[in-house]
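Only one structure is covered here, and it is reproduced in the block below.
Here is how names work: the chains are called A, B, and so on, in the same order as the sequence lines, proteins then strands, and each is numbered from 1.
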Number of protein chains: 2
Amino acid sequence: MGRDAEETRRRLLRAATEEFAERGLAGARVDRIAAAAGASKPLLYAYFGNKDDLFDAVYNRVIAEFVRQTPIDPQDLPGYAGRLFDWSVAYPELVRLTFWDRLERSGQGARQPVVLEANRSKVAAIQRAQDDGGISGRFPAAELLLLITTLAGTWAFAQLGPDGPEDGDVAAARATLLRAVRLLVEQDGSGDLGRGASDH
Amino acid sequence: MGRDAEETRRRLLRAATEEFAERGLAGARVDRIAAAAGASKPLLYAYFGNKDDLFDAVYNRVIAEFVRQTPIDPQDLPGYAGRLFDWSVAYPELVRLTFWDRLERSGQGARQPVVLEANRSKVAAIQRAQDDGGISGRFPAAELLLLITTLAGTWAFAQLGPDGPEDGDVAAARATLLRAVRLLVEQDGSGDLGRGASDH
DNA sequence: GCGTTGTTACCTACTAGTTGGTAACATAGA
DNA sequence: TCTATGTTACCAACTAGTAGGTAACAACGC
């Protein structure tokens, strides 16, 4: 463990991510973060300014990575929902941080340019798919996207127990989620009663 | 404002509800609650034990009232969802407290007997409606209920801005929610393309 | 030598919870 | 009806401990 500023920075961010996801902004302790990172408090302040800015840094990194890793496929929205769900289960920090942000900071993190831009492009993609007739146009594209992300995120969150999920339930929950999304996007009167591109 | 223990208790509970809904357990300040209630801190402690117990008292009262006021009608689940939504918009404290409970206390509030019992009876009612053939049996009753409550609650929460909802959007959001629920519960191949008992 | 990377020791402000008491009301005996 | 006694409702001020944040000092490595 030589002196590597970049590496130390990363350790601090990592520790902060865990602490904030677990306890939120008000509940998090700066001392605990520094200790968990094996660094000192002044160093943390030198790198990140203050507690609030540190939360920003944490949230921005997590959300940016999330957006980058979950590209939308408007032709297969159930599959997209499944990927959101999987990500949310694998990294519960994401969902928790998002809820903390909503509760403690009026969702200011969700109003960042990165997020807004990603959203716009996803809505546009859905809109196109609706125009092409691949999926139902019964919901406006923006509402459909919100419906899907809401469902995937909260659904994962609801399933996640205090000490991680019980394995059996997760698969069932995932299946239910996909099924629900399929119902939301399938064309009126299509004979398609459930089998779709997202099954395998 | 004479000496009325019961009334003072109520004022404290009211103030605590607002404070906890707004800031959560860690963010809430006991002094602020006492001040807002026009009472003293020792009195608060005499009546409610400690901060955590006070949160319990607040949450229990709110959730019990909520359960009491939103009876299920398994024949009209979109209407039920609409009522949940309306309640959540009218009393945002309910949704916020629920999320705080999940984040800060691993959802211990949601595991109370009152809640569990209410849930059981609702699941049973849905099950019966499914057996009778009134609504689709494609989702297990328990999952369907969770799907609906999740959607209604989070949907309302997502719509609610920092300073209350903008009126126009709420009606649209409500309509979208009902529509989504209708899709989830309507029978396969029913020609019913949206008009239902819950419209008016 | 000197900028970068780091730590120790400290400070101020705040916070949950308590102590030691007062003011209002109730009731019983004279 | 008045006063003594007990009780309930309530509070100003304090305590012990904790929080975020900083100033002053040390060591590494180019």
Review point. Under the ring pair (Phe, Tyr, Trp, His ring centres under 6.0 Å) test, which residues partner Tyr91(A), sequence neighbours left out?
Key: Trp87(A)
Practice item. Give a yes or no on whether a salt bridge exists between Glu93(B) and Arg96(B), defined as a side-chain N under 4.0 angstrom from a carboxylate O. Key: no
Review point. Under 4.0 angstrom, heavy atoms only, what part of the nucleic acid is Ala46(A) near: base, sugar-phosphate, or nothing?
Key: nothing
Point to revise | Sugar-phosphate only, base, or nothing, as touched by Phe48(B) at under 4.0 Å among non-hydrogen atoms | key: nothing
Study note, to complete from the structure: Here the distance between atom C1' of dG6(C) and atom CG of Leu12(A), to the nearest Å, is 11 Å
Review point. Rounding to a whole Å, what distance do you find between Leu44(B):CG and dT18(C):P?
Key: 12 Å
Exercise for review: In plain terms, say whether Asp76(A) and Arg182(A) are close enough for a salt bridge, that is, a side-chain N and a carboxylate O under 4.0 Å apart.
Suggested key: no
Review point. Arg3(A) CZ to dG3(C) P: how many Å, rounded?
Key: 15 Å
Check your understanding: CG of Leu43(A) versus P of dT8(C): gap in Å, rounded?
Key -> 12 Å
Check your understanding: So, does Asp4(B) use its side chain to make a donor-acceptor pair with the main chain of Glu6(B) at under 3.5 Å?
Key -> yes
Exercise for review: Identify whether the distance between the nearest side-chain nitrogen and carboxylate oxygen of Asp86(A) and Arg174(A) falls below 4.0 Å.
Suggested key: yes
Practice item. Determine whether the side chains of Asn60(A) and Gln112(A) contain a donor N or O and an acceptor N or O closer than 3.5 Å. Key: yes
Practice item. Ignoring backbone atoms, test whether Thr8(A) places a side-chain nitrogen or oxygen under 4.0 Å from the OP1 or OP2 oxygen of dG6(C). Key: yes
Review point. OP1, OP2 of dC10(D) versus side-chain N and O of Tyr47(B): anything below 4.0 Å?
Key: yes
Exercise for review: Mark up nucleotides 19-25 of chain D, 5' to 3', with B wherever a protein heavy atom is under 4.0 angstrom from a base atom, S wherever such an atom reaches only the sugar-phosphate, and - elsewhere.
Suggested key: SBBBB--
Check your understanding: Leu54(B) CG to dT15(C) P: how many Å, rounded?
Key -> 16 Å
